[in-house]
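Sequence positions, counted from 1, serve as the residue numbers for this chain.
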Amino acid sequence: MLIHIKGGISGYEPENIARMFFPGASLTAKYVRGEDLVFAAAGRCRLAAGVRRGGKCLVRTAPLPQEGESVEFALCSLLYELLGQATGLRMPWGKLTGVRPVRIIHDKRAAGWSEEAIRDLFVDRYDCTPERFSLALQIADLQKPIIAGRQPLDYSLYIGIPFCPSRCSYCSFVSRTIGRDQKLVQPYVDKLCEEVREMKRQAEHCGLNLKTIYIGGGTPTSLSADQLRQLMGTVRECFDLSRLEEYTVEAGRPDCTDAEKLAVIKEYGASRISINPQTFNDQVLANIGRKHSAADILRCFDEARQVGHGNINMDLIAGLPGDTVESFAASLDQAIALDPENITVHTLTLKRASNLVIENRDEAYADVAAMVELANQRLADAGYRPYYLYRQKNTLKNLENTGWCKPGYEGYYNIYIMEEIHSILSAGAGGSTKLCQPGGSRIERIFNYKYPAEYIEGFDEILRRKEGVSAFYARYLDSKTTG
């Protein structure tokens, strides 16, 4: 399927609408005769949308919207309605293409919108299903007191470890297998510790208040126990951990996480960890390239509890190759039985850089929508509450990823980064520092080099770029003075 968009508007949103119904469709600059095609155009007098599939065509037109209304939204609406008619599909989030639907509720409340007007926006204007709007509203209500407590100069620190014991077939993150790139690991950790020290210097210079730390990846526990001590020791030297709301370390893979590393993570101050099975089905684990069994996950979880970890998150993925609704339900029940404080349910996303897409695997994905609905019901029945949510492009069935927690165990970092509450300073290869203007909507980014070798070789340039943190907050303080 091809996508062709013309007219004096951005084609970004109509393109995203088309891909909801035809994932993997390619954008073309020319109208291609005879090919399966989604077409959208904004002319001088009218809007037009059409689809040609299997030699059959369906076309709809509409007048231009009234002055003051968005031509782009009107075209997206026309295209959405036409493709829904052509395919018989209704998207659970309707016309919404963004990552952060909960953020819309926060922003509209801040702007003084009534609850009824917000509901009408989601259900009537965006065609979001009542169930999805209810989920977003529950999360917004739970997050409300957390967001109300923010301060203008709060920030969080992300530290990235771009190494894994093996690459999962669904993954598109910047990551290198630890065996092949072992020679890079120690030089990388040395530079990473240096960047953490620079983050401390920048934060102190700007008068920032550290709220959460998150060490993610990749797989942080692909480092040796001594390398974890080095990194987490540097973090402890640089920051007052007693003042943190939360300190998370991903200990996700049991094939590189052992009792010693779990003890190191606890000793050096982490208050929350992730042990991520994705599934408890051994065949599905093999399908996605995991080199461990479900029994290894149970062993890792037990060791974490034994060394004192009292706040554990577990991830599951709905829609993995070879999984079934029944098998997913068994994995979900196993996770609930372990009684972790958080369970995050992801919907499989077919990312362009993942092996699932690169190798063009033709998998018969199970009924992922039934899996997600099952998870929502069983987690709620088990006493978990949804506390954050985000969406991604090319997610199966246009669904979402939702974090669930026991009362009082909300993952603060996840809320802060997803709702863009405050700045996230990021250290490590592929890191993206996101600077959020206090009390405003302006966001600036500072990017690190993507791959470990580039990161090491270009480290002086990375430190130079980090001076942008001070420059950003200097402009903020200047605006406060002159305002």
Does anything in [range] form a ring pair (Phe, Tyr, Trp, His ring centres under 6.0 Å)? List the pairs, not counting sequence neighbours.
{"range": "residues 135-157", "value": "none"}
{"range": "residues 67-98", "value": "Phe21-Tyr80"}
{"range": "residues 43-66", "value": "none"}
{"range": "residues 118-147", "value": "Phe122-Phe133"}

Do [X] and [Y] have side chains that approach each other closer than 4.5 Å (heavy atoms only, starting at C-beta)?
{"X": "Gln202", "Y": "Glu467", "answer": "yes"}
{"X": "Cys57", "Y": "Arg52", "answer": "yes"}
{"X": "Tyr416", "Y": "Glu245", "answer": "yes"}
{"X": "Lys397", "Y": "Met371", "answer": "no"}
{"X": "Cys206", "Y": "Phe472", "answer": "no"}
{"X": "Gln143", "Y": "Arg103", "answer": "no"}
{"X": "Arg132", "Y": "Glu400", "answer": "yes"}
{"X": "Val345", "Y": "Thr402", "answer": "no"}

Does a donor on one side chain sit under 3.5 Å from an acceptor on the other, for [X] and [Y]?
{"X": "Tyr390", "Y": "Asn414", "value": "no"}
{"X": "Thr344", "Y": "Asn313", "value": "yes"}
{"X": "Asn448", "Y": "Glu195", "value": "yes"}
{"X": "Arg253", "Y": "Thr219", "value": "no"}
{"X": "Thr395", "Y": "Thr349", "value": "yes"}
{"X": "Asn276", "Y": "Glu250", "value": "no"}

Roughly how far, to the nearest 0.5 Å, is the [atom2] atom of [Y] from the [atom1] atom of [X]?
{"X": "Thr347", "Y": "Leu320", "atom1": "OG1", "atom2": "CG", "answer": "10.5 Å"}
{"X": "Ile446", "Y": "Leu435", "atom1": "CD1", "atom2": "CG", "answer": "5.0 Å"}
{"X": "Asn281", "Y": "Gln278", "atom1": "CG", "atom2": "CD", "answer": "13.5 Å"}
{"X": "Met91", "Y": "Thr129", "atom1": "CE", "atom2": "OG1", "answer": "11.5 Å"}
{"X": "Ile336", "Y": "Ser331", "atom1": "CD1", "atom2": "OG", "answer": "11.0 Å"}
{"X": "Leu58", "Y": "Leu83", "atom1": "CG", "atom2": "CG", "answer": "8.5 Å"}

Check: How are the rings of Tyr214 and Tyr158 set to each other: parallel, tilted or perpendicular (split at 30° and 60°)?
Finding: parallel
Next item on the list: Answer with yes or no after comparing the ring centroid distance for Tyr455 and Phe459 against a 6.0 Å cut-off, counting only values under it.
Entry: yes
Margin query: Quick test of your reading: applying salt bridge (charged side-chain N to carboxylate O under 4.0 Å, His left out), list the pairs with at least one residue in residues 66-79, sequence neighbours left out, ordered by first then second residue.
Written below: none
Margin query: Applying side-chain hydrogen bond (donor to acceptor under 3.5 Å, both in side chains), can you list everything that pairs with Asp141, at least two apart in sequence or on another chain?
Written below: Arg109
Checklist line | Lys/Arg cation over aromatic Tyr449: Arg465, 6.0 Å, 45° cone | finding: yes
Notebook entry, point to check: Is the number of heavy atoms from other residues, nucleotides or ligands under 6.0 Å of Lys406 NZ greater than 12?
Noted result: yes
Next item on the list: Would you check, one step at a time, whether the test salt bridge (charged side-chain N to carboxylate O under 4.0 Å, His left out) holds for Arg119 with Glu116?
Entry: CA-CA 5 Å; Arg119 184 191 182 281; Glu116 182 180 1; over 6 Å; no
Check: Stepwise, does the salt bridge (charged side-chain N to carboxylate O under 4.0 Å, His left out) test hold for Arg150 with Glu419?
Finding: CA-CA 12 Å; Arg150 64 180 175 174; Glu419 308 310 329; over 6 Å; no
Notebook entry, point to check: Between the main-chain N or O of Pro321 and the side-chain N or O of Asn287, is there a donor-acceptor pair closer than 3.5 Å?
Noted result: yes
Checklist line | Main-chain N/O of Leu142 paired with Arg385 side-chain donor or acceptor, under 3.5 Å | finding: no
